[in-house]
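Following: one structure in structure tokens, then a few remarks.
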Amino acid sequence: MLRLAILLTSFDRYSVCLATNSFEFLDIKMSNDLKYRVLPDEPKYKSVSDTDVSLTEREKQKVQSLGAGGVVLIVIVALLVLPASGGIATALSNDWNRPNESFFLIALVIGWSVLGLASVLIHFSLKKKNTLELARTKTKAAPHKINAANQMEYQRVMNEAESLSSSLLQTYESSTRLANELRQHLSRVSLLLGAAENEYRDNAFAPFWDAVENAAQHLAAFNDKTNRLSGNAKDYYNKLNGRKHSFPAFPIQIMTIPDASPVTKEFRRVVRMGQTNHDFADIYEHRRTREVLIAGFRTLGEAVNNLGAILENSIYNLQESVSSDLAKVIEEEIITRETLDKRR
């Protein structure tokens, strides 16, 4: 059994053997286009067995013997027995002009009996010959049939590994981007809330709520991307489960998930500051039911009232996704693999 570290350096050339009666070696070559890869599973190759070379009962029943031409020939011979029997009866009779009927019937019975016996013997002889010929043909074709099936199995595991590698790479790269964007959204929210406070001090009503609305948009985007990361994490770990691969740890871990609670508290504080000021509150009342482009919310009022709780739930789900039992197993396997790689 090869060590995991050795397996992970064998992506470019993975030799396997077709298990037939004549061994053929195939080179499984992984695409070099992928940064990280999943090794193909061991192909489930077949070898020639008794079942592959033995005739089934149905095949034996379909084997022909005499065929239509043979049956026609037997019928013709049977008809020729009639005049032949008449000739024999005439030759054995005292009066050639009046053949003895008994001689005729005896000759006819003997002729047809011989013909019947010969037909049976020919039938079984041809049946045996054709059966043996079919068995030889099937035995000769069996290795080619198995080889073709093994070629298909080889292609299946290769296609599966390539497809899985491509899908996982896409998930990893998109998750890396999303993880970076989470921090950017929180930073942008902090800047917008600072700008809102400046507008508040300047009694700029509309600019204040514009800044709050933009901050809500970024928090909503943070929530959406957190949910997408949660789904990506589950997909990532499920696809790597039980596979040998060179993929790194998921781009975001429970300790690196951005803490959105300080920003959401600040958001509530700034919103509350505007709501408790009569002049700012009047503007808010006109805007809170207006449709806005905030992901997951129809109005600014909905976003203000629900963003905090929804964000907490999304972050909790992401924490669960990256700390599940399966996630822990996969991450431990990755750490072990990377440790072995460094020792080589």
Side-chain angles (χ1 to χ4, degrees), residues 1-56 58-59 62 133-177 228 231-251 326-327 329-334 336-338 340-341 344:
M1 189 83 180
L2 294 178
R3 289 175 58 191
L4 180 60
I6 298 176
L7 281 170
L8 290 168
T9 61
S10 305
F11 285 98
D12 292 328
R13 194 174 185 85
Y14 179 44
S15 297
V16 296
C17 174
L18 288 180
T20 62
N21 62 333
S22 60
F23 291 94
E24 297 180 17
F25 290 90
L26 295 175
D27 289 330
I28 295 184
K29 295 181 180 179
M30 297 293 291
S31 170
N32 291 321
D33 297 334
L34 300 176
K35 184 177 181 181
Y36 304 111
R37 306 175 213 171
V38 173
L39 273 173
D41 281 336
E42 183 178 351
K44 298 177 181 178
Y45 289 133
K46 297 179 180 179
S47 59
V48 178
S49 63
D50 292 340
T51 304
D52 297 311
V53 298
S54 301
L55 296 180
T56 63
R58 187 175 182 180
E59 288 174 327
K62 287 185 175 181
E133 184 64 29
L134 179 60
R136 280 193 292 269
T137 301
K138 189 172 183 179
T139 300
K140 186 177 180 180
H144 301 287
K145 184 178 179 181
I146 294 298
N147 186 62
N150 287 343
Q151 290 277 3
M152 292 180 65
E153 171 65 7
Y154 153 77
Q155 195 60 50
R156 183 192 67 80
V157 298
M158 285 303 303
N159 290 343
E160 180 194 35
E162 289 283 350
S163 176
L164 189 57
S165 297
S166 178
S167 174
L168 281 166
L169 182 59
Q170 184 177 359
T171 299
Y172 177 81
E173 291 179 343
S174 67
S175 298
T176 301
R177 185 179 65 255
R228 287 161 61 185
N232 284 358
K234 292 177 182 178
D235 183 62
Y236 192 77
Y237 293 127
N238 284 332
K239 287 181 177 177
L240 288 179
N241 187 26
R243 303 299 298 247
K244 294 181 177 64
H245 60 91
S246 64
F247 278 87
F250 192 69
L326 176 59
V329 170
I330 300 297
E331 292 296 337
E332 287 175 3
E333 290 175 350
I334 291 172
T336 301
R337 186 201 71 210
E338 292 176 345
L340 290 173
D341 287 345
R344 293 183 68 244

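Here the structure is a predicted model, which is why all the values come from computation and not from measurement.
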### Task
Give the minimum heavy-atom separation between Ser175 and Pro251, together with the two atoms involved.
CB-CG, 3.8 Å
### Query
So, does Ser165 use its side chain to make a donor-acceptor pair with the main chain of Val38 at under 3.5 Å?
yes
#### Entry: Stepwise ring pair (Phe, Tyr, Trp, His ring centres under 6.0 Å) test for Phe247 and Tyr172
CA-CA 9 Å; Phe247 278 87; Tyr172 177 81; 7.1 Å; no
### Task
Go through the steps for Arg37 and Leu169 under the test side chain to side chain contact (heavy atoms under 4.5 Å, CB included), then give the verdict.
CA-CA 8 Å; Arg37 306 175 213 171; Leu169 182 59; over 6 Å; no
### Query
Rounded to the nearest 0.5 Å, how far apart are OH of Tyr154 and CG of Asn147?
12.5 Å
### Message
I need the Leu168 CG to Lys239 NZ distance, nearest 0.5 Å.
### Response
6.0 Å
### Query
If every non-hydrogen atom of Asn232 is compared with every non-hydrogen atom of Ser174, which pair is closest and at what distance?
ND2-OG, 3.5 Å
### Gln170, CD atom: more than 12 neighbouring heavy atoms under 6.0 Å
no
### Summary
Rounded to the nearest 0.5 angstrom, the OH-CD1 distance for Tyr236 and Ile330 is 9.5 Å
### Message
Under the rule for salt bridge (charged side-chain N to carboxylate O under 4.0 Å, His left out), what residues qualify as partners of Lys234, not counting sequence neighbours?
### Response
none
### Query
Between Val157 and Glu42, is any pair of side-chain heavy atoms under 4.5 Å apart?
no
### Query
Partners of Glu153 by side chain to side chain donor-acceptor pair (under 3.5 Å), sequence neighbours excluded?
Arg156
### Task
Spell out, as yes or no, whether a donor-acceptor pair under 3.5 Å connects the side chain of Arg337 to the backbone of Lys244.
no
### Message
I want to check something: taking the side chain as every heavy atom from C-beta on, are Lys46 and Asn150 in contact at a cut-off of under 4.5 Å?
### Response
yes
#### Entry: Main-chain N/O of Ser167 paired to Thr171 side chain as donor or acceptor, under 3.5 Å
yes
### For Tyr237, side chain to side chain donor-acceptor pair (under 3.5 Å) partners two or more places apart
Glu331
### Task
Give a yes or no answer on whether the side chain of Asn159 reaches the backbone of Gln155 with a donor-acceptor pair at less than 3.5 Å.
yes
